[in-house]
Amino acid sequence: MKSSRRSFLEAGLALPAILNTVPTLTAASQAAKITATKDSPFDPWVEIHRDNLRHNVQEISRRVGGRPILAVIKNNGYGMGVANVARLLVPQSEIFGFAVVKFHEAMSLRDAGIRKPVLLMGPFDEKNLEEAAARDIMPMIYTSLGPALDKIAAKLQKPIALHICVDTGIGRVGVPYYQAAPLIRDLASRRSVQIRGTMMTFAEDMEFDKEQIRRFHETCSALEEEGIALGKKHAASSFTLFQHPDAFLDMVRPGMAIYGIYSENEFRHAGVMDLRPAISLKARVAYVKKLRQGDSAGYNRAYTAKEDVWVATLPVGHADGWPRMAGKGAKVGINGELFPVIASVSASHCIVEIGREERAKIGDTATLFDAQQGSRPEDVSEACGASVYDLTMHLNALLPRRIV
Ligand SMILES: Cc1ncc(COP(=O)(O)O)c(C=O)c1O
């Protein structure tokens, strides 16, 4: 094993033990440990649960009748690390390929040895387009790039595989559906182009979604009647997996559901899919102390102790991705109990109230969220109002990731 920080993290080693316990290290992991000593064992870390990822993919596949899954792993793999997630998902036959937004993420997948199809849903310039095409990364196209595609295909001596994005009403990116036909006809007529897919994105508004899928079908069927092949049609995010089985089309394109998190709290109780969170955020208690009645805590004295009370300070703050809103009701697990976050969440710290007794000590593991009922990301979201997308995608990319 190459002794890099990455290999240390991905080996899923136990965090170097603090205080009394020392893990047994193989020679290779000993070398890896040396390269990782810049992390304090108290620092927050992200765990990725391999079995839960696998389970969620199987659940989605069951739900969509075995249609291929284009796994959305944008924004640093929803906090887990784009290459980490891709490597874990790649062996699953249900996974057709991967979709990202940032050009560098698409390239990093190829650098990581990922050979399955990669769709780049974000913007690029002509140089990016050439580099992407050279590495078989499919761009998502919605403007008249025909001449540029001809030029690059001639240079690379191969046609460029791409997906076309049609805007049926989200108003973000994509050619407006009522202007899509001329663009698609133009692309389809070029020998430099291979249309591998045609896609749209829902606004996730129950009523309007129906109009969006109607617009998509109308646009696609008119072109197909002219003999134009549109490749795999896809639209379904996690929301759609729950709400619109009629929009599963040829392939589905979820993100959050793969990571085992219900994108809307109401889906938890719908009995449609059993999703198991594949991501946890943990840290170790940095300090424990007793506040006396009337003592305050946090910037602006956000909290005042009504009575003598024990508090624990965790070295996790909003710079790590733990939202400021967590101070409005989120709970943290320590030694099997849940304790409320109090005061304000600062950049690198938060404080939890642990009651009249000293029920935590320095070095105890604190779970900000994990797969357990009560401390799932959705529980944190319900308790303090932070979105599950913020909880995962805002996790600082520099935190260690450990696959367990
Ligand atoms: C175009 C597109 N498709 C699919 C997804 C996946 O969405 P979700 O994570 O809600 O499944 C996203 C994410 O926002 C997206 O931007």
Side-chain angles (χ1 to χ4, degrees), residues 52-53 56-57 59-61 63-64 67-80 82 85-86 89 94-103 105-106 117-124 137-142 162-175 177 196-206 209 212-213 216 232-245 247-268 270 272-273 275-279 377-378 381 386-395:
N52 287 0
L53 266 184
N56 298 327
V57 168
E59 269 298 275
I60 295 168
S61 181
R63 168 72 176 154
V64 303
R67 287 172 176 79
I69 301 171
L70 180 62
V72 178
I73 58 172
K74 64 179 186 173
N75 300 334
N76 202 28
Y78 283 57
M80 279 167 268
V82 68
V85 170
L89 293 177
E94 300 91 337
I95 299 291
F96 166 80
F98 303 100
V100 293
V101 170
K102 297 284 195 290
F103 174 74
E105 288 190 330
V118 173
L119 174 64
L120 171 61
M121 302 194 293
F124 47 79
I137 293 164
M138 295 181 288
M140 183 183 85
I141 302 278
Y142 49 93
L162 52 81
H163 288 225
I164 298 168
C165 180
V166 178
D167 178 13
T168 56
I170 193 167
R172 199 167 58 172
V173 288
V175 55
Y177 69 100
R196 292 276 176 83
T198 302
M199 58 190 284
M200 58 153 279
T201 299
F202 286 108
E204 304 188 353
D205 169 289
M206 279 304 280
D209 287 353
Q212 282 190 272
I213 195 73
F216 190 68
K232 285 189 166 59
K233 284 175 271 179
H234 53 103
S237 65
S238 302
F239 180 94
T240 314
L241 296 184
F242 288 90
Q243 299 295 58
H244 304 301
F248 293 166
L249 308 178
D250 301 325
M251 175 161 78
V252 293
R253 203 179 66 230
M256 199 52 99
I258 293 177
Y259 313 115
I261 301 170
Y262 295 95
S263 53
E264 304 279 334
N265 277 326
E266 76 219 49
F267 297 162
R268 290 179 77 174
V272 172
M273 279 187 287
L275 299 180
R276 303 181 187 163
I279 180 166
E378 301 94 327
S381 169
S387 129
V388 288
Y389 290 85
D390 293 356
L391 287 172
T392 54
M393 290 180 181
H394 294 187
L395 288 170

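In listed order, ligands and their atoms are each counted from 1. The figures that follow rest on heavy atoms only: side chains count, while hydrogens, waters and symmetry mates do not. Fair warning: this is a prediction, and the values are worked out from it, not measured in the lab.
- Not counting sequence neighbours, E105 has no partner by the salt bridge (charged side-chain N to carboxylate O under 4.0 Å, His left out) test.
- Within 4.0 Å of ligand 1, heavy atoms belong to protein residues V72, K74, Y78, M121, R172, T201, S237, S238, R253, P254, G255, M256, Y389.
- L275 approaches A257 most closely through the heavy-atom pair CD2-O, 3.6 Å.
- Among pairs with a residue in residues 253-268, those fulfilling salt bridge (charged side-chain N to carboxylate O under 4.0 Å, His left out) read R268-D379, R268-E382, at least two apart in sequence or across chains.
- The two residues I69 and P254 make their nearest non-hydrogen contact at CG2-CD, 3.8 Å.
- Not counting sequence neighbours, P123 has no partner by the side-chain contact (heavy atoms from CB on, under 4.5 Å) test.
- The aromatic rings of Y389 and Y78 sit tilted relative to each other, their planes meeting at an angle between 30° and 60°.
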